[in-house]
Peer 1: 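Can you keep this structure in mind? I'll have questions shortly.
Please read all numbers here as calculations on a predicted model, not as lab measurements. Throughout, protein chains are lettered first and strands after them, A, B, ... in sequence-line order, and every chain is numbered starting at 1.
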Amino acid sequence: MLRMSSLFLRTLRDDPSDAEVASHRLLVRAGYVRRIAAGIYSWLPLGYITLRNIERVIREEMDRAGFQEVHFPALLPKEPYEQTNRWNEYGPELFRLQDRKGGEYLLGPTHEEMFTLMVKGEYSSYKDLPLSLYQIQTKYRDETRPRSGIIRGREFVMKDSYSFDLDDAGLEASYQKHREAYIKTFARLGLKYNIVSAMAGAMGGSKSEEFLAPCDTGEDTYVLCEKCGYAANVEAMVTIVPPGNPDGVPVLEVLNTPNTPTIDSLVAVLNENYGGGYTGADTLKNVMLVADTKAIAVLVPGDREVDLKRLQANLSGVQELRIFEEADFAQYPGLIKGYIGPQDAAQSGIRVLADPRIAPGTSWVTGANQRDRHARFVVNGRDFTPDEYVECAEVRAGDLCPTCSEPIVMDRAIEIAHIFQLGRKYAQALNLSVLDQNGKSQIVTMGSYGIGVSRAVAAIAEQTHDAIGLSWPVEIAPAKVHIVATGKEDNPFNVAEELANNLEKSGITVLLDDRRDASPGVKFKDAELIGIPVIVVVGKALEFGNVEVRVRRSGEKSEVSVADASTFISNVLIANS
RNA sequence: CGGGGCGUAGCGUAGUGGCUAGCGCGCCUGCUUUGGGAGCAGGAGACCGGGAGUUCGAAUCUCCCCGCCCCGACCA
């Protein structure tokens with residue numbers, strides 16, 4: 001039993017000045033966490049209990065699925081990470097340090113190497129597979145900008161699992177098993193989420209999905225089709241390719257379009273001088289970028305911007321992308337800013353990437369590569385040919401769903417889990433192989449499955465808080481019942497004490513506010529701020545032999561007799577789980 | 001790393017060259033109070049982020065450094 005009289009807790013009346021998002025603000029005010037440095041937090045008793053409750057739920061579901069828990073150090077030697085080249089690839093985000101002898105170490109940002117080597121050390125036969133191992137460990141990433149309190153820290157707790165299989169079918173099965181275990185886990189954690197298709201990203205691998213918990217303060221934007229349920233990270237959103245019909249399109253015509261360096265100014269001139277009905281969507285924007293020192297041209301419809309994140313996510317092997325600057329234009333005198341078209345790209349040797357909307361056979365108005373000139377009836381496949389199609393135009397609410405063609409909506413969310421099929425990248429690099437039925441050596445294929453554990457505390461706080469405080473789901477609340485004793489007589493305190501004991505005996509955890517010196521107002525405010533799901537007030541109603549039972553989330557209040565209180569409360573808890 | 005904001009007691013803050021750095025919350029003592037962040041009285045707590053400088057005099061002005069927050073870039 002937790003007692004307010006002795007609990008290591010000081011709630012704050014004012015919002016801390018360095019906290020912006022609700023989860024951060026409330027977790028600090030309610031005395032769950034304290035900031036130590038940017039993106040680094042300490043957990044106080046209430047917060048630590050909550051964090052461990054989340055760990056417990058995750059652990060139970062992982063174990064139930066047959067995965068086995070192991071534990072690795074956070075402090076790791078660099079050698080395995082050199083073998084996979086991540087000592088270099090991970091860049092400045094990796095916390096690196098030296099021991100007294102000058103040996104180089106890192107604080108693990110993720111543990112693929114360790115898991116792979118652990119399995120390699122023990123197993124060497126296909127008969128040992130499939131295998132899934134997991135750990136719950138503190139991870140370290142020197143984020144360029146930690147933000148939003150607990151949501152993006154430099155030190156955080158993560159559950160990561162890895163599956164090991166002989167072949168693709170096995171990997172798919174392990175992947176589905178994890179996916180199902182995650183669905184059960186998040187249901188128990190009381191999180192609302194969407195499973196969206198995602199990019200495998202720099203980790204390599206193929207299939208990848210994210211579990212995104214919708215909330216305004218989330219960092220990820222995703223699209224959702226309310227009709228068919230299609231959901232995708234904006235980076236992974238697939239565009240419907242429009243039909244192209246080049247038949248009957250007149251030959252390319254160069255137009256005189258003075259002072260039209262922008263799409264808006266171009267559309268105005270087109271409508272004035274060259275027939276009406278033109279919109280930005282009829283024009284083709286030729287955006288010049290530099291991809292790792294090489295100039296590239298990117299084609300998108302004139303009414304859309306290039307989404308650099310999407311482009312980068314869909315371009316393999318490009319580390320750095322930036323837009324053209326004056327100095328870059330100076331190196332390509334053939335490129336006239338505001339009047340660029342893809343027609344001459346082949347001879348200039350610049351690689352041309354096109355958004356799928358710029359489909360073969362479609363006809364566009366675009367730059368004529370001469371100052372104050374544009375060209376119309378520019379047909380893809382006839383007048384220019386992109387080197388490659390890549391998803392790169394910005395995604396908008398109302399764009400059409402790739403599976404059912406209904407308009408999609410967009411929302412923000414916190415990424416609470418990411419699962420993907422890693423494939424053989426790490427097994428290959430570290431030579432994890434087993435003998436198959438024919439005695440032949442086979443590289444193992446792996447899956448990787450992470451849950452942000454400390455982040456889940458914040459995500460749940462974000463989704464469940466209200467104007468007056470936190471409001472935890474029953475399963476993870478630091479206690480299930482918060483009993484407030486009021487008044488100056490001994491009686492309410494004795495009754496509260498007895499009720500608390502009864503509940504604890506039946507396995508219901510209690511936070512008892514047994515402070516004799518705090519006013520009722522203070523106790524109520526604290527209870528609401530702390531956010532335990534059921535608040536029981538032992539005070540005035542005792543006159544009639546009753547206590548008051550309040551449901552934190554709904555605000556619903558009932559009076560029940562002291563004798564019936566335990567039973568009533570456990571029913572309320574069940575009803576609210 | 002670019003842009004913006006900020007650093008004064010545990011928390012929130014006032015104080016733009018001049019007495020002993022002010023207030024609220026919290027904390028301690030006493031009395032009163034006990035159903036919505038109580039009242040009165042007394043008290044403790046601040047190398048004003050750090051360093052250097054300007055000045056008779058610096059929380060306040062100048063320079064450098066450090067740290068924190070927000071937007072962007074970045075981010076299994």
Side-chain angles (χ1 to χ4, degrees), chain A residues 9-21 24-25 28-29 31 34-40 84 86 89-94 108-113 139 141-149 151-154 156 158 160-162 198-205 208-210 217 219-220 233 235 308-309 312-313 319-323 415 417-423 425-426 446-452 455 468-469 484-490 492-493 513 515-529 535 537-543 547-548 550 557:
Chain A
L9 170 73
R10 192 105 303 158
T11 57
L12 305 177
R13 194 180 294 218
D14 300 310
D15 284 337
S17 64
D18 62 355
E20 196 102 339
V21 301
H24 187 198
R25 225 178 55 232
V28 171
R29 269 194 64 202
R34 291 287 182 259
R35 193 183 62 75
I36 295 301
I40 302 178
T84 56
R86 290 165 100 200
E89 260 176 20
Y90 225 98
E93 200 169 316
L94 200 58
T110 167
H111 283 76
E112 281 82 359
E113 284 81 353
K139 310 272 176 173
R141 292 181 198 172
D142 193 358
E143 296 281 351
T144 44
R145 181 152 94 84
R147 69 177 89 184
S148 310
I151 296 174
R152 175 173 293 279
R154 294 190 293 173
F156 55 97
M158 174 178 257
D160 51 335
S161 311
Y162 299 87
M199 305 301 298
M203 299 303 301
S208 166
E209 289 171 297
E210 290 169 339
T217 49
E219 301 178 281
D220 287 41
N233 194 303
E235 292 163 15
L308 289 178
K309 275 187 177 179
Q312 180 133 29
Q319 298 292 321
E320 196 199 344
L321 263 185
R322 62 175 177 84
I323 53 176
E415 179 186 345
H418 196 166
I419 57 177
F420 52 98
Q421 301 189 359
L422 265 186
K425 174 176 172 176
Y426 292 92
M446 294 168 57
S448 162
Y449 318 91
I451 295 178
R455 176 180 283 185
I468 55 176
V484 175
T486 65
K488 54 184 171 184
E489 309 301 327
D490 288 341
F493 288 85
D513 197 340
R515 291 176 293 180
R516 301 298 285 246
D517 53 355
S519 71
V522 168
K523 293 179 180 181
F524 295 150
K525 292 285 186 204
D526 275 347
E528 284 147 2
L529 179 60
I535 298 167
V537 182
V538 183
K540 284 241 162 114
L542 269 187
E543 203 179 320
V547 297
E548 186 181 321
R550 303 178 182 177
K557 297 180 186 181

Peer 1: The side chain of A:Leu12 is closest to which nucleotide in this list: B:C75, B:C11, B:A76?
Peer 2: B:C11
Peer 1: Classify A:Glu528 by what it touches in the nucleic acid, base, sugar-phosphate, or nothing, heavy-atom distance under 4.0 Å.
Peer 2: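 A:Glu528: base contact, heavy atoms under 4.0 Å.
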Peer 1: Would A:Lys525 and A:Thr11 count as a side chain to side chain contact (heavy atoms under 4.5 Å, CB included) if you check the C-alpha gap in whole Å, the side-chain angles of each, and the deciding distance to 0.1 Å?
Peer 2: CA-CA 10 Å; A:Lys525 292 285 186 204; A:Thr11 57; over 6 Å; no
Peer 1: Can you tell me how far apart CD1 (A:Ile535) and NZ (A:Lys557) are? Round to the nearest 0.5 Å.
Peer 2: 9.5 Å
Peer 1: What distance, rounded to whole Å, do you find between the two C1' atoms, one in B:G39 and one in B:C56?
Peer 2: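 That atom pair is separated by 48 Å.
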Peer 1: Could you check whether the side chain of A:Thr110 and the base of B:A76 have a donor-acceptor pair of N or O atoms closer than 3.5 Å, going by distance alone?
Peer 2: yes
Peer 1: Show me the protein contacts with nucleotides 69-71 of chain B, counting only N or O atoms at under 3.5 Å.
Peer 2:
residue, atom, partner, partner atom, Å
B:C70, OP1, A:Ser148, N, 3.3
B:C71, OP2, A:Arg145, NH1, 3.4
B:C71, OP2, A:Arg145, NH2, 2.8
B:C71, N4, A:Arg145, NE, 3.4

Peer 1: From CD of A:Glu143 over to P of B:C75, roughly how many Å is that when rounded to an integer?
Peer 2: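 Answer to the nearest Å: 10 Å.
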Peer 1: To the nearest 0.5 Å, tell me how far A:Lys425 NZ sits from A:Glu112 CD.
Peer 2: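 One gets 8.5 Å once the value is rounded to the nearest 0.5 Å.
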Peer 1: Rounded to the nearest 0.5 Å, how far apart are NZ of A:Lys309 and CG of A:Leu321?
Peer 2: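 So the gap between those two atoms works out to 13.0 Å.
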Peer 1: For A:Arg455 and A:Glu415, indicate whether the former's side chain and the latter's backbone hold a donor-acceptor pair under 3.5 Å.
Peer 2: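 Checked: pair present.
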Peer 1: Under 4.0 Å between any heavy atoms, over every strand shown, what does A:Val537 touch: base, sugar-phosphate, or nothing? Just pick one.
Peer 2: base
Peer 1: B:G4 and B:G36: how far apart are their P atoms, nearest whole angstrom?
Peer 2: 49 Å
Peer 1: Measure the distance from CD on A:Glu548 to P on B:G36 and round it to the nearest whole Å.
Peer 2: 12 Å
Peer 1: How long is the straight-line distance from CD of A:Glu210 back to CG of A:Asp220, given to the nearest 0.5 Å?
Peer 2: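 With rounding to 0.5 Å, CG (A:Asp220) is 5.5 Å from CD (A:Glu210).
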Peer 1: On a heavy-atom basis, which atom in A:Val484 and which in A:Ala527 lie closest, and how many Å separate them?
Peer 2: CG2-CB, 4.4 Å
Peer 1: State whether the distance check finds a donor on one side and an acceptor on the other, under 3.5 Å, for side chain A:Thr144 versus base B:A73.
Peer 2: yes
Peer 1: Using purine N1 to pyrimidine N3 plus N6-O4 or O6-N4 for Watson-Crick, or N1-O2 and O6-N3 for G-U wobble, each under 3.5 Å, what pairs with B:C6?
Peer 2: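 Looking at the geometry, B:C6 pairs with B:G67.
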Peer 1: Could you give the CD1-to-P distance, from A:Ile323 to B:G72, as a whole number of Å?
Peer 2: 16 Å
Peer 1: If I pick the P atom on B:C11 and the same atom on B:A52, what distance separates them, to the nearest angstrom?
Peer 2: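 Nearest-Å result for B:A52 against B:C11 at atom P: 26 Å.
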Peer 1: Where the side chain of A:Met158 is concerned, which of B:C68, B:C75, B:A76 is the nearest nucleotide?
Peer 2: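 Closest nucleotide among those given: B:A76.
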Peer 1: Both A:Lys139 and A:Arg10 contact RNA chain B. Which one's nearest nucleotide lies toward the 5' end?
Peer 2: A:Arg10
Peer 1: Between A:Lys523 and A:Leu321, which is nearer to the 5' end of RNA chain B once each is assigned its nearest nucleotide?
Peer 2: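 It is A:Lys523 whose nearest nucleotide is closer to the 5' end.
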Peer 1: Ignoring hydrogens and angles, answer whether the base of B:G36 and the side-chain atoms of A:Arg550 contain a donor-acceptor pair closer than 3.5 Å.
Peer 2: yes
Peer 1: Write out a two-atom table: protein N or O, nucleotide N or O from nucleotides 3-8 of chain B, distance below 3.5 Å.
Peer 2:
none

Peer 1: Return the pairing partner of B:G57 with a 3.5 Å limit on both distances, Watson-Crick or G-U wobble; otherwise return none.
Peer 2: none
Peer 1: If pairing requires Watson-Crick or G-U wobble contacts with both distances under 3.5 Å, which nucleotide is the partner of B:G17?
Peer 2: none
Peer 1: Measuring from atom CZ of A:Arg25 to atom CG of A:Asp14, what distance do you get when rounded to the nearest 0.5 angstrom?
Peer 2: 12.0 Å
Peer 1: When you look at A:Leu308 and A:Arg322, which way does the side chain to side chain contact (heavy atoms under 4.5 Å, CB included) test go after all the steps?
Peer 2: CA-CA 8 Å; A:Leu308 289 178; A:Arg322 62 175 177 84; over 6 Å; no
Peer 1: Could you tell me which nucleotide pairs with B:G35 by Watson-Crick or G-U wobble geometry, both distances under 3.5 Å, or answer none if nothing does?
Peer 2: none
Peer 1: Mind listing the closest non-hydrogen atom pair of A:Thr486 and A:Pro520 along with its distance?
Peer 2: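 In terms of heavy atoms, the two residues are closest at CG2-CB, 4.2 Å.
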Peer 1: Ion pair present between A:Arg515 and A:Asp513, side-chain N to carboxylate O less than 4.0 angstrom?
Peer 2: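 Yes, charged N to carboxylate O under 4.0 Å.
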Peer 1: Look through every strand shown and name the nucleotide pairing with B:G72 as Watson-Crick or G-U wobble, where both distances are under 3.5 Å.
Peer 2: B:C1
Peer 1: Ignoring hydrogens and angles, tell me if any N or O in the side chain of A:Arg154 forms a donor-acceptor pair with the backbone of A:Ala38 under 3.5 Å.
Peer 2: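 Yes: the side chain of A:Arg154 pairs with the backbone of A:Ala38.
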Peer 1: Do A:Ser208 and A:His418 get their side chains close enough for a donor-acceptor pair, meaning under 3.5 Å?
Peer 2: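 A donor-acceptor contact under 3.5 Å links the two side chains.
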Peer 1: Say we look at B:U13 and B:G17: how far apart would their C1' atoms be, to the nearest angstrom?
Peer 2: 22 Å
Peer 1: Rounded to whole Å, how long is the line connecting atom CG of A:Asn233 with atom P of B:A76?
Peer 2: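 In whole Å, B:A76 P lies 12 Å from A:Asn233 CG.
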Peer 1: Between C1' on B:A76 and CG on A:Leu94, what's the gap in Å once rounded to a whole number?
Peer 2: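 That distance rounds to 13 Å.
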Peer 1: For A:Ile323, does the CD1 atom sit with more than 12 other heavy atoms under 6.0 Å from it, leaving out its own atoms?
Peer 2: no
Peer 1: From CD of A:Glu89 over to P of B:C74, roughly how many Å is that when rounded to an integer?
Peer 2: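 Taking CD of A:Glu89 and P of B:C74, I get 18 Å after rounding.
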Peer 1: From CG of A:Asp15 over to P of B:C25, roughly how many Å is that when rounded to an integer?
Peer 2: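 Answer to the nearest Å: 17 Å.
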Peer 1: Can you tell me, in whole Å, how much space there is between the C1' of B:C64 and that of B:C69?
Peer 2: 23 Å
Peer 1: Considering every strand shown, what is the Watson-Crick or G-U wobble mate of B:C11 when both distances are under 3.5 Å?
Peer 2: B:G24
Peer 1: Got a second to check how far A:Thr217's OG1 is from A:His24's NE2, nearest 0.5 Å?
Peer 2: 12.0 Å
Peer 1: Say you pick atom P in B:G15 and the same atom in B:C61; how far apart are they, in whole Å?
Peer 2: 13 Å
Peer 1: Between B:C66 and B:G51, how far apart are the P atoms? Round to whole Å, please.
Peer 2: 15 Å
Peer 1: With sugar-phosphate meaning primed atoms plus P, OP1 and OP2, does A:Ala417 contact a base, only sugar-phosphate, or nothing at under 4.0 Å between heavy atoms?
Peer 2: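 Contact class for A:Ala417: none.
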Peer 1: Rounding to an integer number of angstrom, what distance separates B:A14 and B:G24 when you compare their P atoms?
Peer 2: 15 Å
Peer 1: Tell me: NZ of A:Lys540 to P of B:U34, nearest whole Å?
Peer 2: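 So the two atoms are 10 Å apart, to the nearest Å.
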Peer 1: Could you run through nucleotides 38-46 of chain B and give me one letter per nucleotide, 5' to 3': B if any protein heavy atom sits under 4.0 Å from the base, S if only the sugar-phosphate is that close, - if neither?
Peer 2: S--------
